[in-house]
Amino acid sequence: MLTKKHVKISKDVSGTTGVFGIIGNPVALSLSPMIHNTMSRFLDIDTAYAPFQVEDGNLATAISGAHALGIQGFNITHPFKQDVIPLLTHVDPWALKIGAVNTLKYNDKGYSGYNTDADGLYTSLMTHNISLDGKDVVIIGAGGAARAVAIMAAHYGAKSICILNRTQSKAHLLAIDVKKYYNIDIEALSLDQWEKVPANCTCFQTTSVGMGQSKDAAPIDELEFYKRISVAIDLIYNPFETLFLKYAKRQGSYTVNGFGMLLYQGVKAYEIWNDIKLTDAQLSFLLDEMQKEYKRQSV
Ligand code: ATR
């Protein structure tokens with residue numbers, strides 16, 4: 001059945017519109033359609049972007065079907081950022097190093113994979129004047145998002161990295177992968193070993209704890225842990241302030257949520273798809289529009 005919302009979107013779509021989308025599970029609450037459709041509207045580029053929820057086990061079928069349909073590109077989100085890699089015809093070296101892909105671009109034989117999460121997060125940190133050079137970095141989580149953070153931290157000169165994960169063996173695997181590329185002091189711990197974390201650290205929260213059904217939870221509840229954090233970054237953007245950020249703020253940390261990263265990774269994916277580079281003026285105009293659009297949608 002067509003809803004009012006569907007009719008509104010289809011008004012802009014013609015026979016020549018390039019189709020893009022996001023693949024994940026769940027995707028219903030994703031802000032990526034808003035971000036990409038806002039960019040197309042303001043840059044007057046004839047593309048449309050839609051959410052595609054894919055069930056576990058159906059990813060390969062979804063990707064080959066999408067290629068047969070000529071869908072021009074995708075963002076890939078939880079839980080497929082690592083699983084999608086073997087299904088691609090080409091993977092950009094930076095994405096290979098991270099071991100996770102969040103952007104696909106159509107080519108004649110299939111899709112090429114990129115990772116714009118790390119660059120998007122780095123740009124977001126820059127806007128807050130946060131440098132990782134010489135810093136002790138702590139990462140909570142060891143999934144696809146944590147991989148992007150770990151490689152970015154090593155690449156931009158962190159002094160040490162400490163990965164805390166519910167499943168310690170996955171933290172170890174990530175540490176080994178980072179060590180393949182960077183000669184850095186790196187430790188893998190379970191969540192309850194937080195007392196080993198150095199003081200004055202820059203801490204990234206990359207798990208899903210704090211959103212959806214766990215929106216009233218934090219991955220670590222001991223307030224002593226938060227006293228060691230000078231800068232706290234949560235990759236979650238909904239809610240805007242997670243319990244992790246609230247705890248950290250209460251203990252005096254500077255806090256940053258995941259909204260900036262979301263916007264900048266989206267812009268970077270859009271640039272890859274359309275072979276363009278936005279000017280600073282276009283970028284600041286668009287970021288402003290997207291924040292207004294986000295506020296309109298969240299009323
Ligand atoms: P993403 O691509 O978003 O990083 P992912 O690869 O599925 O998603 O990784 C999810 C991360 O959140 C993992 O580090 C996971 O811990 P496990 O490796 O132990 O599974 C972590 N995570 C998810 N739910 C969690 C919970 N309830 N408590 C603690 N950590 C959790």
Side-chain angles (χ1 to χ4, degrees), residues 22-32 51 53-57 59 74-87 91 95-104 113-121 124 137-153 161-178 186-194 197 203-222 225-226 233-239 242-245 247 257-259 261-262 265-266 269:
I22 181 164
I23 289 178
N25 191 354
V27 287
L29 296 179
S30 169
L31 289 179
S32 291
Q53 177 165 317
V54 171
E55 299 307 319
D56 273 352
L59 184 64
F74 289 100
N75 283 130
I76 302 292
T77 190
H78 177 83
F80 300 126
K81 286 180 184 178
Q82 288 161 270
D83 296 349
V84 77
I85 291 178
L87 306 174
V91 183
L96 261 188
K97 200 187 246 192
I98 292 168
V101 157
N102 78 323
T103 300
L104 306 193
Y114 303 85
N115 188 302
T116 67
D117 281 336
D119 292 344
L121 176 57
S124 171
V137 167
V138 172
I139 301 171
I140 305 176
R147 285 185 166 267
V149 175
I151 293 291
M152 177 201 67
I161 299 177
C162 186
I163 306 165
L164 298 167
N165 195 42
R166 178 177 61 179
T167 312
Q168 193 177 359
S169 57
K170 273 176 69 183
H172 269 297
L173 289 178
L174 175 52
I176 290 167
D177 285 348
V178 175
I186 182 160
E187 196 170 14
L189 304 172
S190 59
L191 287 177
D192 57 10
Q193 291 177 307
W194 58 264
V197 161
C203 182
F204 293 86
Q205 196 304 106
T206 74
T207 77
S208 50
V209 182
M211 63 189 274
Q213 290 185 336
S214 64
K215 73 176 171 40
D216 297 321
I220 295 171
D221 284 309
E222 286 85 349
F225 167 66
Y226 293 88
I233 301 111
D234 200 323
L235 271 48
I236 294 173
Y237 56 85
N238 183 12
T242 56
L243 185 58
F244 168 81
L245 290 184
Y247 280 155
N257 71 14
F259 193 62
M261 174 186 178
L262 175 81
Q265 64 76 30

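Counting convention: from 1, in listed order, for ligands and their atoms alike. Worth knowing before you read on, the calculation uses all heavy atoms, side chains too, and leaves out hydrogens, waters and symmetry mates. Because the structure is a prediction, the values reported are computed rather than measured.
The two residues A100 and I85 come nearest to each other via the heavy atoms N-CD1, 3.8 Å. In terms of heavy atoms, G141 sits closest to T206 at CA-OG1, 3.6 Å. Between G113 and L104, the shortest heavy-atom distance links the atoms CA-CD2, 4.2 Å. Nearest heavy atoms, A171 versus N165: CB-CB, 3.9 Å. In terms of heavy atoms, A175 sits closest to I163 at N-CD1, 3.9 Å.
F80 pairs by the ring pair (Phe, Tyr, Trp, His ring centres under 6.0 Å) definition with nothing, not counting sequence neighbours.
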Could you tell me, for ligand 1, which of its N or O atoms are under 3.5 Å from any protein N or O, listing the pairs and their distances rounded to 0.1 Å?
unit_1	atom_1	unit_2	atom_2	d
ligand 1	4 (O)	G144	N	3.1
ligand 1	4 (O)	A145	N	3.0
ligand 1	6 (O)	G144	N	3.1
ligand 1	7 (O)	H78	ND1	3.3
ligand 1	8 (O)	H78	ND1	3.0
ligand 1	14 (O)	A142	N	2.9
ligand 1	14 (O)	N165	OD1	2.7
ligand 1	16 (O)	N165	OD1	3.3
ligand 1	18 (O)	N165	ND2	2.8
ligand 1	18 (O)	K170	NZ	2.9
ligand 1	19 (O)	R166	NE	3.0
ligand 1	19 (O)	T167	N	3.1
ligand 1	19 (O)	T167	OG1	2.4
ligand 1	20 (O)	R166	NH2	2.9
ligand 1	27 (N)	R166	NH1	3.4

